[in-house]
Amino acid sequence: MRFIFKTDYRQDIRLAKHPGHVFWYGLLSLLLLAAPWLLAEYWLAQLTFVLIYAIAGLGLMLLAGFTGQFSLGHAAFLGVGAYTQAVLLAAGWPFLLALACAAGLSAAVGVVVGLPALRVKGIYLGMATLAFGFIVEEVLARWESVTGGNAGLHVKAPQIMGWSLSGGETFYFLCLCITVLATLGLLNLLRSPTGRAFVAIRDSEISAQSMGIHLAHYKTLSFALSAALAGVAGALYAHKLQFISPDQFNILQSIDLLLMIVIGGLGSVHGVFLGALFLISMPQAIAMVKDYLPAAIGQAPGLQAAVYGLVLIAFVLFEPMGLYGRWLKVRTWLQLFPFYRKGMFKRQKSFQKSDRLK
């Protein structure tokens with residue numbers, strides 16, 4: 001007896017798994033396209049920063065969330081991309097060519113960092129990338145003939161085929177297009193054999209190596225791709241601010257990027273955007289609330305850093321999966337209602353058995 005199974009193989013390659021995804025992502029796309037007409041200029045600028053940070057977050061998520069490599073110097077790649085873009089535009093290069101060079105040079109620097117990092121991991125890798133961040137910041141400050149030193153550089157407005165993108169609306173659409181392309185590229189990369197190799201390395205390096213995955217190759221590739229996305233974000237960041245200086249790409253910026261993906265949700269593309277929204281909206285929320293706090297607290301110079309630290313500790317203790325993990329629980333609760341049982345989503349402590357072999 002012959003059994004014929006009809007399988008829709010297109011399900012394996014669809015980004016939208018069911019019609020609900022198509023509806024909600026379509027609605028989100030319409031809102032983003034209509035944002036210049038729905039938001040004031042200030043809020044549109046904040047949304048543009050969300051998109052720029054999301055591009056950098058996609059790169060760091062690829063490195064830390066999907067490959068398991070720790071980085072505390074990712075702001076250095078933003079700096080390389082920003083200064084490359086500013087210097088090449090000042091030399092008369094076209095915008096798109098300068099953007100490609102910013103991504104390429106950042107990727108090359110990422111390879112340089114990734115090669116020595118092959119021999120270290122965990123906290124030692126974090127220390128190595130932290131040292132690299134300090135080195136890049138010092139180079140940007142001392143190489144005055146190219147970078148302008150601590151005096152900084154003014155960045156020209158982007159132009160494509162003679163069309164100026166200096167306006168807030170046009171630059172927003174440019175950032176939106178690049179963000180969409182970067183997101184689709186990352187999603188497709190994660191479904192490819194290369195992306196699955198990254199995830200295998202994150203779960204267990206010994207198991208990945210036993211399956212024939214070349215650790216050095218894929219770790220270096222992960223650093224290069226992550227740095228390239230950070231370089232693109234740095235170039236857009238420079239255009240948005242129209243002025244860059246070395247102190248904009250210091251250790252605090254690297255910590256902000258790491259905080260963004262941890263609070264958004266490690267190992268999740270959705271978490272990148274949730275983390276970027278958090279990173280941009282939190283200073284606004286603190287500024288609105290600080291006037292109602294006692295003067296000793298509201299006027300304290302380290303209030304924002306203290307709030308960030310408390311929020312990070314709270315997420316690590318009570319919601320390790322970040323904002324996206326909390327949303328998954330809320331969504332599941334809505335799907336199960338009214339059959340929800342108390343304690344159904346109680347966090348369970350678990351660990352990977354292969355961790356002891358790393």
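Here the structure is a predicted model, which means the values were calculated and not measured.
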S145 vs W143 side-chain heavy atoms within contact, under 4.5 Å: yes
Donor-acceptor under 3.5 Å (T67 side chain, F198 main chain): no
CG-CG distance between N250 and L140, expressed to the nearest 0.5 angstrom: 11.5 Å
Spacing of F318 atom CZ and I313 atom CD1 [to the nearest 0.5 Å]: 10.5 Å
Check: S207 main-chain N/O paired with S210 side-chain donor or acceptor under 3.5 Å: yes
Throw together a table of side-chain donor-acceptor distances under 3.5 angstrom for residues 40-47, partners on residues two or more places apart or in other chains.
unit_1	atom_1	unit_2	atom_2	d
Y42	OH	Q284	OE1	2.6
Y42	OH	Q284	NE2	3.2

4.5 Å side-chain heavy-atom contact, Q253 and E137: no
Least distance between heavy atoms, A56 atom then L257 atom: CB-CD2, 4.1 Å
Closest contact, heavy atoms only, P36 versus L32: CD-O, 4.0 Å
Distance in Å, L225 CG paired with L62 CG, rounded so as to fall on 0.5 Å steps: 6.0 Å
Heavy-atom check, side chain of S268 versus side chain of M321, under 4.5 Å: no
Residue pair F315, L323: steps toward the side-chain contact (heavy atoms from CB on, under 4.5 Å) verdict: CA-CA 9 Å; F315 271 96; L323 291 172; 3.4 Å; yes
L312 with L310, same ILVMFWY side-chain cluster at under 4.5 Å: no
L99 side, atom CG; I178 side, atom CD1 - distance, nearest 0.5 Å: 5.5 Å
Shortest non-hydrogen contact from L125 toward Q69: CD2-OE1, 3.4 Å
L241 and V155, any side-chain heavy atoms less than 4.5 Å apart: no
Connected hydrophobic set around L97, excluding itself, where side chains approach under 4.5 Å: L88, W93
Separation of L60 CG from Y53 OH (nearest 0.5 Å): 13.0 Å
Side-chain donor/acceptor of S222 to backbone N/O of Y218, under 3.5 Å: no
Min side-chain heavy-atom separation F132-S71 under 4.5 Å: no
V112 with L130, same ILVMFWY side-chain cluster at under 4.5 Å: no
F249 and Y237 aromatic ring geometry - parallel, tilted or perpendicular at 30°/60° bounds: perpendicular
Within one Ile-Leu-Val-Met-Phe-Trp-Tyr cluster: L187 and I261, side-chain cutoff 4.5 Å: yes
Residue pair I244 / A86: nearest heavy atoms and the distance that separates them: CD1-CB, 4.0 Å
Same apolar cluster (I L V M F W Y, side chains within < 4.5 Å links), V232/L181: no
Derivation and outcome, side-chain contact (heavy atoms from CB on, under 4.5 Å), residues Y324 and V272: CA-CA 9 Å; Y324 183 63; V272 172; over 6 Å; no
Check against side-chain contact (heavy atoms from CB on, under 4.5 Å), F66 and V269: CA-CA 10 Å; F66 293 107; V269 175; 4.2 Å; yes
Pairing residues for F49 by the ring pair (Phe, Tyr, Trp, His ring centres under 6.0 Å) criterion, not counting sequence neighbours: none
F223 side chain near L115 side chain, heavy-atom distance below 4.5 Å: no
Side chain proximity check, I135 to E138, heavy atoms < 4.5 angstrom: no
Check against side-chain contact (heavy atoms from CB on, under 4.5 Å), L174 and C177: CA-CA 5 Å; L174 173 65; C177 291; 5.7 Å; no
Exercise: identify the closest heavy-atom pair between A82 and A238: CB-CB, 3.9 Å
For A151 against F243, the heavy-atom pair lying closest together: O-CZ, 3.2 Å
Side chain proximity check, T183 to T179, heavy atoms < 4.5 angstrom: yes
From F171 atom CZ to L236 atom CG, the distance as rounded to the nearest 0.5 Å: 5.0 Å
